[in-house]
Amino acid sequence: MVVVPVVILLGACTGADGSRTSPEECSAVVASLVEATQLYVDGYGETRSAAPAPSPGLTDEGLQAALAEAQRLVRQRQCDGEAVQADLEAGLDAVSASGPVGGAVLRRLLAVLSGTSAEEASTRVVAPADDLAGALAELAPGSTLRLVAGTYRLPDTLVLLQGVELRGAGAGSTVLTSSAPEAAVLVLTDEQVRLADLRAERTGTAVGSVVIGGPSSSIDLDAVEVAGAVADGAGSGGAGVLMSPAGEPGPGRGTTLEVTDSRFERNGSAGVALAGAHRASIQSSEFAGNGQCGVCFLDASDGAVRGSTFRGNPVGVSVVAQARPSIVGSRFEGGEVGVQVAGTAAPSLDANSVSGASRAGLVWTDEAAGQALSTVCANVPFGIVLGPAAVPFVDGGD
């Protein structure tokens with residue numbers, strides 16, 4: 001998680017006799033703060049991963065300490081307030097960032113230091129010609145950014161550092177497009193981020209996913225279309241939404257991905273891929289023509305897929321490793337396999353239907369377990385295929 005510190009603008013005062021320290025000494029205080037800011041931003045460097053951490057640069061605590069010290073010295077030396085502010089603005093203009101994460105951190109810091117960041121949640125309206133990243137940097141957590149109808153071409157990965165809502169005018173009207181490497185949208189906050197009533201898609205041939213959530217991210221998609229993620233032959237990229245792991249899988253922490261009334265199509269690997277201990281709630285959504293699976297539950301991920309439709313994915317839902325999701329009341333049409341289970345995964349399937357799969361309705365391999373209740377498989381060469389060590393419980397259905 002990227003943490004942008006809360007900072008306070010430098011103030012200044014004079015003594016009773018109006019005396020002040022020399023301008024050079026005051027300029028040195030500002031220069032030290034600008035240097036600390038550059039070190040902090042440098043810590044995020046070229047990082048594009050979903051879990052960046054400041055490198056040997058300055059930590060959040062270090063930057064806060066530098067700010068506090070600068071404030072103390074400005075007041076102690078009775079520096080001229082206007083001169084300090086002018087020096088600070090000039091110095092910050094020269095601070096540079098490398099990579100999308102560093103750029104987002106720098107924009108957020110500049111907004112806070114310059115006083116242009118909002119202190120309370122609000123709603124702001126933007127159009128395709130506006131600077132979307134700049135507008136986000138000025139919003140307080142809990143704010144809404146309303147995107148009017150049009151196509152928003154993202155020149156680089158759009159990095160979200162605070163919990164906000166991006167709401168469009170409908171998936172057929174508001175479109176975010178990006179050819180940026182790795183991700184079109186990167187969520188790096190533990191506050192909830194919501195995307196609603198819009199379409200997000202990748203264009204071009206650069207390998208990458210559409211939306212990547214960090215290890216501690218919480219994302220809500222409502223009436224969103226996600227398309228065009230590009231995968232390479234080595235298994236990188238290609239997810240419509242990828243929820244990234246945090247080291248070794250561990251206990252879940254509640255629902256981290258909520259998907260309602262959304263559509264995932266033509267993504268190179270998965271419509272949705274959940275890793276680590278992420279937990280999904282997917283309802284009334286459609287997955288069509290994704291390269292490997294509609295939804296992939298990996299590692300110790302879990303959650304539920306309810307009332308959704310899977311069309312033409314090689315595997316509708318893939319459940320591997322130690323994953324234990326529930327799949328209820330969903331339809332699987334075409335493709336190769338409706339639900340495939342491997343490793344020691346143990347999903348719970350209930351009241352699903354599979355039709356027209358070219359290999360099998362359900363496949364259990366390795367030491368996978370779980371259950372399949374009231375499942376109907378039609379027009380498939382095999383209803384259920386079991387490996388020699390697989391032990392699912394099957395009851396009812398046809």
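Applying the ring pair (Phe, Tyr, Trp, His ring centres under 6.0 Å) definition to pairs two or more places apart or across chains, those involving residues 293-315 are Phe287-Phe310, Phe310-Phe332. The list of side chain to side chain donor-acceptor pair (under 3.5 Å) pairs with a residue in residues 282-295, not counting sequence neighbours, reads Arg263-Glu286, Asn267-Asn290, Glu286-Arg311, Asn290-Asn313. Residue pairs satisfying the salt bridge (charged side-chain N to carboxylate O under 4.0 Å, His left out) criterion with at least one member in residues 113-123, sequence neighbours excluded, are absent.
In this structure a side-chain-to-backbone donor-acceptor pair under 3.5 Å is missing from Thr365 to Gly387. With Arg167 contributing its side chain and Asp197 its backbone, the two residues share no donor-acceptor pair below 3.5 Å. For Ser269 (side chain) and Gly238 (main-chain N/O), a donor-acceptor pair under 3.5 Å exists by modelled atom type. At least one donor-acceptor pair under 3.5 Å links the side chain of Arg108 to the backbone N or O of Ala137. Listed for the Arg359 side chain is no donor-acceptor partner under 3.5 Å among the backbone atoms of Val363. Remark: the backbone N or O of Gly163 is paired with a side-chain donor or acceptor of Glu191 at under 3.5 angstrom. For Ser308 (side chain) and Arg306 (main-chain N/O), a donor-acceptor pair under 3.5 Å exists by modelled atom type. Checked by atom type and distance alone, the side chain of Ser143 pairs as donor or acceptor with a backbone atom of Ser122 at under 3.5 Å. Panel note: side chain Thr157, backbone Ala183; a donor-acceptor pair is recorded below 3.5 Å. Side-chain atoms of Asp261 do not come within 3.5 Å of backbone N or O of Ala223 as any donor-acceptor pair.
Once rounded to the nearest 0.5 Å, the distance linking CG of Asp232 with OG1 of Thr205 reads 12.0 Å. To the nearest 0.5 Å, atom CD1 of residue Ile282 and atom CG of residue Leu257 are 6.0 Å apart. Taking CG of Leu195 as the start and OG1 of Thr174 as the end, the distance is 12.0 Å to the nearest 0.5 Å. Note that CD of Gln162 is 11.0 Å distant from CG of Leu188, once rounded to the nearest 0.5 Å. Note that CZ of Arg194 and CD1 of Ile219 are 13.0 Å apart. Values are rounded to the nearest 0.5 Å. Interatomic distance, CD of Glu201 versus OG of Ser179, reported as 11.5 Å (0.5 Å rounding).
Within a 6.0 Å sphere centred on CZ of Arg72, other residues, nucleotides and ligands contribute more than 12 heavy atoms. The number of heavy atoms from other shown groups lying within 6.0 Å of CD (Glu69) is above 12.
Side-chain contact between Val210 and Val185 is absent, with no heavy atoms from C-beta onward closer than 4.5 Å. Side-chain contact between Val187 and Val159 is absent, with no heavy atoms from C-beta onward closer than 4.5 Å. Annotation: side chain of Thr375 is in contact with side chain of Leu362 (closest heavy-atom distance under 4.5 Å). Looking at Val34 and Val95, their side chains come closer than 4.5 Å, going by heavy atoms from C-beta outward. You'll find the side chain of Val148 reaches within 4.5 Å of the side chain of Pro128, heavy atoms only. Side-chain atoms of Leu386 and Ile384, non-hydrogen and from C-beta on, do get closer than 4.5 Å to each other. Taking the side chain as every heavy atom from C-beta outward, Leu161 and Val105 approach each other to under 4.5 Å. In this structure the side chain of Arg331 reaches within 4.5 angstrom of the side chain of Glu333, judged on heavy atoms.
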Taking it one step at a time, do Val385 and Trp364 satisfy side chain to side chain contact (heavy atoms under 4.5 Å, CB included)?
CA-CA 6 Å; Val385 174; Trp364 261 266; over 6 Å; no
Could you please spell out the steps behind the side chain to side chain contact (heavy atoms under 4.5 Å, CB included) verdict for Leu242 and Ser244?
CA-CA 6 Å; Leu242 169 63; Ser244 303; 4.2 Å; yes
Show, in sequence, the C-alpha distance, side-chain angles and deciding distance for Glu138 and Arg124, and conclude whether the salt bridge (charged side-chain N to carboxylate O under 4.0 Å, His left out) test is met.
CA-CA 10 Å; Glu138 296 177 352; Arg124 180 169 175 176; 2.8 Å; yes
With side chain to side chain contact (heavy atoms under 4.5 Å, CB included) as the criterion, how do Leu106 and Leu92 come out once you've worked through the C-alpha distance, each side chain's angles and the decisive distance to 0.1 Å?
CA-CA 9 Å; Leu106 176 57; Leu92 292 175; over 6 Å; no
Please evaluate residues Leu132 and Leu176 with respect to the criterion side chain to side chain contact (heavy atoms under 4.5 Å, CB included), reporting the C-alpha separation (whole Å), side-chain torsions for both, the decisive distance (0.1 Å), and the verdict.
CA-CA 11 Å; Leu132 200 56; Leu176 300 178; 4.1 Å; yes
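Pairing each heavy atom of Asp220 with each of Gln192, the nearest pair is CB-NE2, 3.9 Å. Pairing each heavy atom of Val126 with each of Tyr152, the nearest pair is O-OH, 3.1 Å. Summarising the geometry of Ala121 relative to Pro141, their closest heavy-atom pair is CB-O, 3.7 Å, with the distance given to 0.1 Å. Between Gly268 and Ala231, the closest heavy-atom pair is C-CB, 4.0 Å. Of all heavy-atom pairs spanning Asn352 and Ile327, the tightest one is ND2-O, 2.8 Å. The heavy-atom pair separating Pro381 from Ala357 by the smallest distance is CD-O, 3.3 Å.
Between the side chains of Ser27 and Asp87, at least one donor N or O sits under 3.5 Å from an acceptor N or O. A donor-acceptor contact closer than 3.5 angstrom is absent between the side chains of Ser301 and His278.
Side-chain heavy atoms closer than 4.5 Å link hydrophobic residues (I, L, V, M, F, W, Y) into clusters, and following such links, even through other members, never connects Phe264 to Val207. Linking Ile, Leu, Val, Met, Phe, Trp and Tyr whenever their side-chain heavy atoms come within less than 4.5 Å leaves Val320 and Leu274 in two separate clusters. A single hydrophobic cluster is seen to contain both Leu221 and Leu160, as judged by linkage of ILVMFWY side chains at heavy-atom distances under 4.5 Å, directly or through other members. A single hydrophobic cluster is not seen to contain both Phe393 and Val376; linkage of ILVMFWY side chains at heavy-atom distances under 4.5 Å, directly or through other members, places them apart. Under a hydrophobic clustering in which Ile, Leu, Val, Met, Phe, Trp and Tyr are joined whenever their side-chain heavy atoms come within less than 4.5 Å, directly or via other members, Leu298 and Val272 fall into different clusters.
Between Glu258 and Arg279 there is no salt bridge, since no side-chain nitrogen of the basic residue lies less than 4.0 Å from a carboxylate oxygen of the acidic one.
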